[in-house]
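Naming convention: chains lettered A, B, ... in sequence-line order (proteins, then strands); numbering from 1 in each chain.
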2 protein chains.
Amino acid sequence: MSTDSGDDFRSVAIEQLKQLGLSTYAARTFVALTSLGTGTATEISKVSEVPRTRVYDAVDELRERGLVDIQQSSPKKFWVVSAETTCQKFEQEMRQRTSLLTTALQELGTTQRKQEQRGVWTVEGQPAVTDRVLEFIGGAEDEIVYMTVEGLLTEDIVEALGEAARRGVSIRVAGISPDVQGMIRDEIPDAELFDTLWMWSDTPAGRLMMVDGNQTLASVLVNGRDATPSDPRSETAIWGVGETNSLVAVLRAIFTWRLENADPAD
Amino acid sequence: MSTDSGDDFRSVAIEQLKQLGLSTYAARTFVALTSLGTGTATEISKVSEVPRTRVYDAVDELRERGLVDIQQSSPKKFWVVSAETTCQKFEQEMRQRTSLLTTALQELGTTQRKQEQRGVWTVEGQPAVTDRVLEFIGGAEDEIVYMTVEGLLTEDIVEALGEAARRGVSIRVAGISPDVQGMIRDEIPDAELFDTLWMWSDTPAGRLMMVDGNQTLASVLVNGRDATPSDPRSETAIWGVGETNSLVAVLRAIFTWRLENADPAD
DNA sequence: TGATGAATTCACTCAGATAATCACAAACAA
DNA sequence: TTGTTTGTGATTATCTGAGTGAATTCATCA
């Protein structure tokens, strides 16, 4: 019974409760009480493996958060609010926190976000790289050129590209398989698809993009092309912004030359 | 400059970031970078008052979360994602967490939530008491009787009562001032309003409620009637559920007798 | 090329929080 | 009475994170 399938849920719930600010004792106690409904300190201690004498403190922590009620008898009994109510409480609290953070940060961030002309920045990890790509796409005003290897043209990116296209941004995409090309044509009819400009296959290449001619990003899969592309840590990108930015200058030259010499598949 | 009005936002933002799982160094560094846009370790240290030698650790923590990019030069420069993106990230993460928690808890809570017949539970603090009241109202199927002193019939309760009324639950409310009565009549036309059954004014009474004849709750303002009712800590309630529950038995007797002898104001 | 100062990394101390254990008094049962 | 359970408080151990300083690397200038 101590190793049945519910243990997965138990540990997940405990972990999340801890992340949300409860102590481990409080989290374990809460989970135990949730399966028990009500219980005494001894019962809770047996289920949760919290030292019995500490159950009282843990329950007190939960009581202050309004998650547990107490029956003043001997032995004391403890009652836990329903799972739904608990989750609503936490969601409420998180909403509160994020909204506080949002206003505070926006108040601070009002200072000019001057576009750095010189820097070339590095990002690690596929999620973070995707974030930058999405940010670039979201800020595009005129033109997006995006080259990518298989598997790095995810749905969210296609979606963002589609939105940009509807804003009137011209889109050029390269380096994708035929079936994905079909998806693109459905999603973004105005996109211009052209063949990969050079041999991706020999390089551990990830993506190359240029936005409005003055924002560029290039990524590689650091483990080489044989690495599992699904490993999110294996992608590293550099990016830069500004007319005078060196990375921008280089990539713009490459793109311009390649694009002029390439025959669009369209 | 070190004590201008932005410090409020600064401390709020730092506090929230810490609550969301960042270390204080990381939080301070992030806030500093948010006002700077980009900066070196030295600049960050001056603004954030993080020891300069630890800025690197803090930035690393932020980088792993995808909140900061690094320019590999000497001195290193650090770039921070926009406030909007950051908040979206955190909201995303919180959604993830609460949804994980929700499924895990509901999986655990499937065990029968047998209605305890014997227990009388105590709740402390006005928010927690209101929670129970709302839960009772939400689960009502037939009838709600609710007596309250001024100030404890808050909007959310009126709203919940209205919803119950639309479900076909008959509502009886007492102990409210004439102007609030007007609001009730608007919100819940079917509610039956009657005068206070006895002299509240001599007792430190809070609320009395009975739902479906088998769930009851009674609260007092522990600091007496002269205490500020606005102090959320001053309310304490006891509640019980079940036909054979002693508190239910007592309150049901009182309510039945009083209601039969009282002339509804309606 | 070497010297100087700044930048970066690393190792260490200290304090506070939390986990865990123990000791003890009160209540209760046999 | 004796022995058990319950609740409370004190004590110890462990760990994380804040803060400091030394050692190494790097850039710049003579």
Side-chain angles (χ1 to χ4, degrees), chain A residues 10-11 14-33 36 38-65 68-79 118-122 124 246, chain B residues 10-11 14-33 36 38-65 67-79 118-122 124:
Chain A
R10 270 198 181 77
S11 49
I14 290 172
E15 181 56 30
Q16 294 310 313
L17 288 167
K18 270 162 56 175
Q19 293 286 337
L20 291 170
L22 291 183
S23 71
T24 53
Y25 281 169
R28 291 225 289 263
T29 297
F30 183 86
V31 170
L33 262 180
L36 290 173
T38 69
T40 66
T42 314
E43 292 166 353
I44 291 172
S45 171
K46 275 178 189 149
V47 176
S48 66
E49 289 172 356
V50 171
R52 187 189 55 82
T53 60
R54 300 286 84 196
V55 170
Y56 302 100
D57 306 67
V59 159
D60 214 52
E61 186 179 335
L62 294 171
R63 188 184 52 76
E64 278 171 10
R65 290 212 178 213
V68 162
D69 290 351
I70 302 180
Q71 176 179 333
Q72 294 292 355
S73 57
S74 180
K76 287 184 177 177
K77 281 189 182 173
F78 307 109
W79 174 93
R118 228 165 293 274
V120 175
W121 308 93
T122 68
E124 277 171 43
S246 51
Chain B
R10 271 200 179 74
S11 49
I14 290 171
E15 181 56 30
Q16 294 310 313
L17 287 167
K18 271 163 54 175
Q19 294 286 337
L20 291 170
L22 292 183
S23 72
T24 52
Y25 281 169
R28 291 225 287 264
T29 297
F30 181 86
V31 170
L33 262 180
L36 289 175
T38 70
T40 66
T42 313
E43 292 165 351
I44 291 172
S45 172
K46 275 180 191 148
V47 176
S48 65
E49 289 173 1
V50 171
R52 190 179 52 79
T53 63
R54 301 305 303 275
V55 170
Y56 304 98
D57 307 68
V59 160
D60 213 54
E61 186 178 334
L62 295 171
R63 187 184 52 77
E64 277 171 11
R65 291 212 176 214
L67 297 176
V68 162
D69 290 352
I70 303 180
Q71 175 179 337
Q72 293 294 356
S73 57
S74 181
K76 289 186 176 175
K77 282 189 183 173
F78 306 108
W79 174 92
R118 230 167 293 274
V120 175
W121 308 92
T122 67
E124 277 171 43

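- To the nearest 0.5 Å, atoms CG (Leu62(A)) and CG (Leu33(A)) are separated by 7.5 Å.
- Taking Tyr25(A) as the reference, Ser23(A), Arg28(A), Val50(A), Pro51(A), Arg54(A), Ala58(A) meet the side-chain contact (heavy atoms from CB on, under 4.5 Å) condition, with sequence neighbours excluded.
- In this structure, Gln72(B) atom CD and dC26(D) atom P are separated by 12 Å, rounded to whole Å.
- Ring orientation note: the planes of Tyr56(A) and Phe78(A) are nearly perpendicular, at an angle over 60° on the 30°/60° scale.
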Pairs: protein N or O with nucleotides 8-12 of chain C N or O, under 3.5 Å:
unit_1, atom_1, unit_2, atom_2, d
dT8(C), OP1, Lys76(B), N, 2.2
dT8(C), OP2, Tyr56(B), OH, 2.4
dT8(C), O5', Tyr56(B), OH, 3.0
dT9(C), OP1, Lys76(B), NZ, 2.8

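- For the atom pair OG1 (Thr29(A)) and CD1 (Ile14(A)), the distance works out to 9.0 Å, reported to the nearest 0.5 Å.
- How far NZ of Lys77(B) is from CD1 of Ile70(B): 14.0 Å, rounded to the nearest 0.5 Å.
- What separates CD of Glu49(B) from P of dA18(D) is a distance of 15 Å, to the nearest Å.
- Using a 4.0 Å cutoff on non-hydrogen atoms, the parts of residues 15-28 of chain A near DNA chain C are Ser23(A), Thr24(A), Tyr25(A), Arg28(A), ordered by number.
- Atoms CD1 (Ile44(B)) and C1' (dA6(C)) sit 16 Å apart, rounded to a whole Å.
- Across all their heavy atoms, Ala32(B) and Val47(B) have their closest contact at CB-CG1, 3.8 Å.
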Between Leu22(B) and Arg65(B), is the side chain to side chain contact (heavy atoms under 4.5 Å, CB included) condition met? List the steps. CA-CA 10 Å; Leu22(B) 292 183; Arg65(B) 291 212 176 214; 3.5 Å; yes
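- Between Glu43(A) and Thr38(A), the shortest heavy-atom contact is OE1-O, 4.2 Å.
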